[in-house]
Amino acid sequence: MAYLLKGVSILGGKPTDLHLGDDGLITDRSDDKAEVIDATGLVALPGLVDVHTHLREPGREDAETVETGSRAAALGGYTAVCAMANTSPVADTAGVVEQVWRLGREAGLVDVQPIGAVTVGLAGKQMAELGAMATSAAKVRIFSDDGFCVADPKLMRRALEYVKAFDGVIAQHAEEPRLTEGAQMHEGEVSTRLGLTGWPAVAEEAIIARDVLLAEHVGSRLHVCHVSTAGSVEVLRQAKARGVRVTAEVTPHHLLLTDEMASGYDPVFKVNPPLRTARDVDALRQALLDGVIDVVATDHAPHAVQDKECEWSYARPGMLGLETALPIVLSVFGEKWELIADRMSIAPARIAGLAGHGGDLTKAGSPANLTLVDPSARWVVEPGGLASRSSNTPYAGMTLPGRIVATFLRGEATVLDGKAVK
Amino acid sequence: MIKHLRSAADLDAETATLILDTAAEMAALSGREVKKLPALRGRTVVNLFYEDSTRTRISFEAAAKRLSADVINFSAKGSSVSKGESLKDTALTLQAMGADAVVIRHSASGAPHRLANWVEGSVVNAGDGTHEHPTQALLDAYTMRSRLGRLDGLRVSIVGDVLHSRVARSNVLLLSTLGAQVTLVGPPTLIPLDVAAALSPSTKVSYDLDSVIPDSDVVMMLRVQTERMQDSYFPSAREYSRRYGLDLPRMRNMPEHAIVMHPGPMNRGMEIAPEVADSPRSTIVEQVANGVSVRMAVLYLLLGGK
Ligand SMILES: [Zn+2]
């Protein structure tokens, strides 16, 4: 179906009419049969792209499925998500990545782009068949052992080199495992008070420093997942200044929350890497503004109730993110629409190699992947009201700015009037 | 009165002093013929122990029984996380049993905080992971006060594996609240980060036991697990003992009035020499006896006994 978005503001610009053709492309021709949407006061952004999502299927369908996660994504303004490989079975073969890819197509709410594991079973020992995943129907380009660090330097070097053959990228969960044995939260003043084993910032920074040197040495691309410390920002800043081909992401929660949130031992605030200090939060915000950090990625990590309603040390790390990412970014940075479009759509689409996403909405012929935001709307986060199958949001009860009114995937509405169409 | 005792930080100076004063009354009463007081008759105290600690459990059990409370011992040890009932389900069971207070010992830091969300009764932390052990700090403070007559201005050195010690955290918080000056002593690997900011601004740190000893009114030795050396916190038991153990020569450098404390169980020959542990300066046996009086006071005050 064709749509006419009347009076929409593209990236905060002057109100205009935006035509979405029934061929799924943006067009400058009007169509009498187009459904007219009054978009007065709404801002159009290119559909958001998440390079770091946990959809949990196959294996933990009680926490999330490709379908429920896709719905949460569409409601959050996303048109594409990259599904992390730490499923059960692990997405370390062409068969599993194709299964996830197919489930995404069937759900039809966002493009689900599987990420392949770097090593067999995420065990960090033997390289998975990266080439087979790259040439599969899922056309995998990002490889990650996320949840685990590819800690072995030789294996990391080889993986960085190997994926050059098909323009792949290794997305590293930077955590030196020997420095984080038993770690429960950021190592610092609060961990001392709470008697929880610390996760020192240097465990992240040391791996990033090593990896940018390895990437430089072999001339490969490196992507750093969920950067969380001020020290990591400095390492990245220097590497980029030297011309190392490194990109990096930051999560909405690391842009807003601090380790003080752990004080009540509520595991909804347990996440890996852990929430850091206010100083780290400031450095991450500045790095995103400067472009030292390229993208905002959710690290959307649904968990079943029993995995969070327990002692802090026994809880699984991770928090929901898809439905709150844009509102959090809006609340942190305000209505910087160009910045938001770049960091949440254009740059992540480029990193993930998703050509149809992050396009120019003013250009006829671009795929009609976009989302409409009402920046003046305020809403209260209710865990039970989210579309995700899980409810482990750290923002429960918070009033957030910005409501997603509609999302279009190749011209088809996936969200209308703030509700998923299916 | 506060409802829960999850951390020594739950206690302000007034409340802490009330507990110590009440403990003194309890001790006086226990000295008489009739050891049982009717204060908590008809009230139920549950000892929920996820870790083996016979001494702490017996101490709480004796305290509750001397106040005529009904005591239920609920040993959850062995019910592993994967197989066993969740803490929440256990809490709901205890709630249904009408527990007025739950005394919890758990290997996970913060377990008492979680439990307090799920039960209506009072929660008393009897040691949680590497976090706190507030009744131990109360009985230590009680012991110091009875031996030395005051807490305000007292110079207390806590020596050993502070990083993993719930006793140390609770002691720093409580003693600072009551005006004592605490110095933490140990190898840098076993002193947590930012202790002054995290616990109390007056807290000092030293890596040199010999320099601290002559200026200490109290030297409290912490148990050091020998497994720590496998994790590179220190090279060997012998080196640890030489640098941070309290032996006779070191004890002779303490001021004449100064006392030696240990929360137990001790590694004799490791952090404390047997001659020191058994010396008249040592309060180790008193600490055990005082534990019952202090826990009586805590239960009595939390449950609003009459
Ligand atoms: Zn990760």
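Quantities reported herein were computed from a predicted structural model and do not represent experimental measurements. Here is the naming used below: chain letters follow the sequence lines, and residue numbers restart at 1 for every chain.
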Chemist: Among A:Arg193, A:Glu189, A:Gln306, A:Glu309, which residue has the highest count of heavy-atom pairs closer than 4.5 Å to chain B?
Modeler: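 Sorted descending by pairs with chain B, the first entry is A:Glu189.
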Chemist: Tell me whether B:Arg114 contacts the main-chain N or O of A:Glu311 through its side chain, where contact means a donor paired with an acceptor under 3.5 Å.
Modeler: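 Not a single qualifying donor-acceptor pair exists.
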Chemist: Hey, could you give me the CE/OG distance between A:Met185 and B:Ser109, rounded to the nearest 0.5 Å?
Modeler: 11.0 Å
Chemist: Which pairs count as ring pair (Phe, Tyr, Trp, His ring centres under 6.0 Å) when at least one residue sits in residues 175-202 of chain B, sequence neighbours excluded?
Modeler: none
Chemist: Can you tell me which portion of B:Ser107 sits under 4.5 Å from chain A's heavy atoms? Options are side chain, backbone, both or neither.
Modeler: side chain
Chemist: Pick from B:Ala9, B:Pro192, B:Ala197: which one has the most heavy-atom pairs with chain A under 4.5 Å?
Modeler: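 Between B:Ala9, B:Pro192, B:Ala197, the count favours B:Ala197.
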Chemist: Can you tell which part of B:His106 gets under 4.5 Å to a heavy atom of chain A, answering side chain, backbone, both or neither?
Modeler: side chain
Chemist: For B:Glu14, is the CD atom crowded, meaning more than 12 foreign heavy atoms sit under 6.0 Å from it?
Modeler: no
Chemist: Do side-chain atoms of A:Thr192 reach the backbone of B:Leu193 as a donor and acceptor pair under 3.5 angstrom?
Modeler: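 Flag set: sc A:Thr192 to bb B:Leu193 pair under 3.5 Å.
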Chemist: Which members of residues 383-397 of chain A, sorted by number, sit under 4.5 angstrom from chain B on a heavy-atom basis?
Modeler: none
Chemist: Counting neighbours of CD on A:Glu382 that are heavy atoms of other residues, nucleotides or ligands and sit closer than 6.0 Å, is the number greater than 12?
Modeler: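 At most 12 heavy atoms, drawn from other residues, nucleotides or ligands, come within 6.0 Å of this atom.
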Chemist: For chain B, which residues from residues 262-275 of chain A lie under 4.5 Å away (heavy-atom distances)?
Modeler: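 If one takes a 4.5 Å heavy-atom cut-off, the residues of residues 262-275 of chain A near chain B are A:Gly264, A:Tyr265, A:Asp266, A:Pro267.
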Chemist: According to ring pair (Phe, Tyr, Trp, His ring centres under 6.0 Å), who are the partners of A:His253, at least two apart in sequence or on a separate chain?
Modeler: none
